[in-house]
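Bear in mind that the values here come from a model prediction, so they are computed numbers and not experimental data.
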Amino acid sequence: MQLRPPPPPEKQKKVQFKFGDEVEAFHSDGWWEGAITAEHSGGKFAVFLRGSKEQIVFEEKDLRLPVQWVKGKWEPRFEQVQREKEMAFVLVHNVSTSLNRFINMQRSLEKTGTRPSKVAKRESSSEPKADSNCPKEVMKFTQGMQVEVTTDDDGFKGAWFAATIIEPSGEDEYLIEYKTLTNDDDTEFLREDIRACNIRPCPLEITVVDGFEVMDEVDAYYNEGWWVGVISKVLINCNYVVYFKEYDEKITFKQVDLRPHQDWLNGKWVVPSEV
C-alpha cells in the first residue's frame, strides 16, 4: 500500500468533462482511476474503472482530474492535453510513429542474449531463468505446431507473436521460430528459446458481424504482433480507436486489424465476459 496526502483544492480546477477524458471517480470510499465512456444528461458520466473492470455512472461532483504525487509535490498527470479543442474526444490521435520508435529503442537496448539475431541453443550447463508466474504444469507442444508467444521484456508486454515450434530446448522450454519477426539483416526469421508458460496455441477464429463496441477488449495487429487493448471510440467506416493501458497510448485501427481478445485458461480459450 502507498500513502500520499490528499490533493489540494487548487489542483482540482473546474473542468468540462468529455467523452474519453481520464478521470478519478469516487467509489466505495475511495478514488478510482478510469476513463469517461459516455456523457449522460443532468451532468452525469459513465466511467470505466480499470481496477474493477466495470462501468458505472457518476455525477460530475464525484469526478476529478487525475493528479500524481511526484517528489513531494502534486503535478497534473495530463498537462499536455489541450482541453480547449472542440472535439469531444481530444485524446484520439495516431501515435504509430512514436510507439514504433519506442519499441525499436527497447529492442536496441535489450541485454545481450535476450533477443539475439540468431539464437544458439543454451549450453547444457545453462539453466533457464526461473519464472514465478509460470504454473507447475504447462502444456506440451510438438514440433511444427503453430503457436503464439509472449514475453515480459520491456516494450513487448501485452503482445503475442505468431511462431512455429522447432524443437524442445530444455525442461518446459522450446526453440521457436517467429513468423513475422526477422533478424537485423532481414535475411531469416528470428529464433528464440521460450518457456512453455509463455507459449499458447493460436486463438480460435471468431467472426465479428456487427462490429465492436466501446469498452470491448480486443487484440490489435501492430508492429508484427497482437497487442491487447480496449475499444475507446467507434469511428466511421469500420475504424476504431484502441487504448493500450500498458503504454497509455491510443491508436486508430481498421476492423480487419482487430480481433476479439481471448485468454488461454486451464487448457481452453475464454473470452473476457466468461472469466
Side-chain angles (χ1 to χ4, degrees), residues 15-25 27 32-60 62-63 65-66 77-78 80-100 157-160 203-263 269-275:
V15 297
Q16 185 67 40
F17 292 111
K18 301 180 180 65
F19 175 83
D21 279 352
E22 298 284 338
V23 296
E24 291 179 354
H27 176 63
W32 298 67
E33 292 185 352
I36 294 178
T37 55
E39 300 178 41
H40 296 288
S41 59
K44 296 183 178 181
F45 301 87
V47 177
F48 176 73
L49 304 179
R50 298 193 185 92
S52 59
K53 291 188 176 181
E54 57 183 334
Q55 183 170 271
I56 302 176
V57 176
F58 292 91
E59 295 184 9
E60 185 175 4
D62 293 324
L63 300 178
L65 291 176
R77 191 176 300 173
F78 302 100
Q80 72 278 15
V81 178
Q82 298 178 358
R83 292 184 172 275
E84 68 274 11
K85 290 185 178 181
E86 296 180 353
M87 296 182 62
F89 192 62
V90 299
L91 295 179
V92 175
H93 60 291
N94 193 322
V95 294
S96 59
T97 301
S98 61
L99 188 54
N100 248 327
K157 292 181 180 179
W160 290 86
L204 301 174
E205 291 189 11
I206 300 178
T207 302
V208 179
V209 178
D210 299 324
F212 296 101
E213 298 179 355
V214 171
M215 300 320 303
D216 280 351
E217 196 166 3
V218 297
D219 295 334
Y221 190 75
Y222 182 76
N223 207 51
E224 311 298 345
W226 292 96
W227 303 72
V228 62
V230 176
I231 300 291
S232 61
K233 188 171 185 180
V234 179
L235 306 176
I236 62 174
N237 298 325
C238 295
N239 290 320
Y240 301 86
V241 177
V242 179
Y243 174 70
F244 300 95
K245 181 180 179 180
E246 184 69 36
Y247 304 96
D248 194 24
E249 297 285 4
K250 295 182 176 70
I251 302 178
T252 300
F253 290 91
K254 295 183 179 297
Q255 183 171 324
V256 68
D257 294 322
L258 301 176
R259 70 185 186 189
H261 178 71
Q262 302 175 71
D263 291 303
W269 287 106
V270 180
V271 297
S273 61
E274 297 174 352
V275 176

Considering all heavy atoms, the nearest [X]-[Y] contact:
X      : Y      : answer
Leu63  : Ala25  : CD2-CB, 3.6 Å
Phe244 : Val228 : CD2-O, 3.4 Å
Glu22  : Lys250 : OE2-NZ, 3.7 Å

Could you grab the distance from atom [atom1] of [X] to atom [atom2] of [Y], nearest 0.5 Å is fine?
X      : Y      : atom1 : atom2 : value
His27  : Leu49  : NE2   : CG    : 6.0 Å
Phe45  : Glu60  : CZ    : CD    : 5.0 Å
Ile251 : Asp257 : CD1   : CG    : 11.5 Å
Arg259 : Tyr221 : CZ    : OH    : 10.0 Å

- Is any side-chain N of the basic residue among Glu217 and Lys245 closer than 4.0 Å to the acidic one's carboxylate O? no

Are any non-hydrogen side-chain atoms of [X] and [Y] less than 4.5 angstrom apart?
X      : Y      : value
Gln262 : Ile206 : yes
Leu258 : Asp216 : no
Val230 : Met215 : yes
Trp227 : Glu249 : no
Ile231 : Val242 : yes
Leu235 : Lys233 : yes

- Message: side chain to side chain contact (heavy atoms under 4.5 Å, CB included) for Asp248 and Tyr243? Distances and angles first, verdict last.
- Response: CA-CA 7 Å; Asp248 194 24; Tyr243 174 70; 2.9 Å; yes

- Show the numbers, then the answer: is there a side chain to side chain contact (heavy atoms under 4.5 Å, CB included) between Asp219 and Trp160? CA-CA 9 Å; Asp219 295 334; Trp160 290 86; 5.9 Å; no

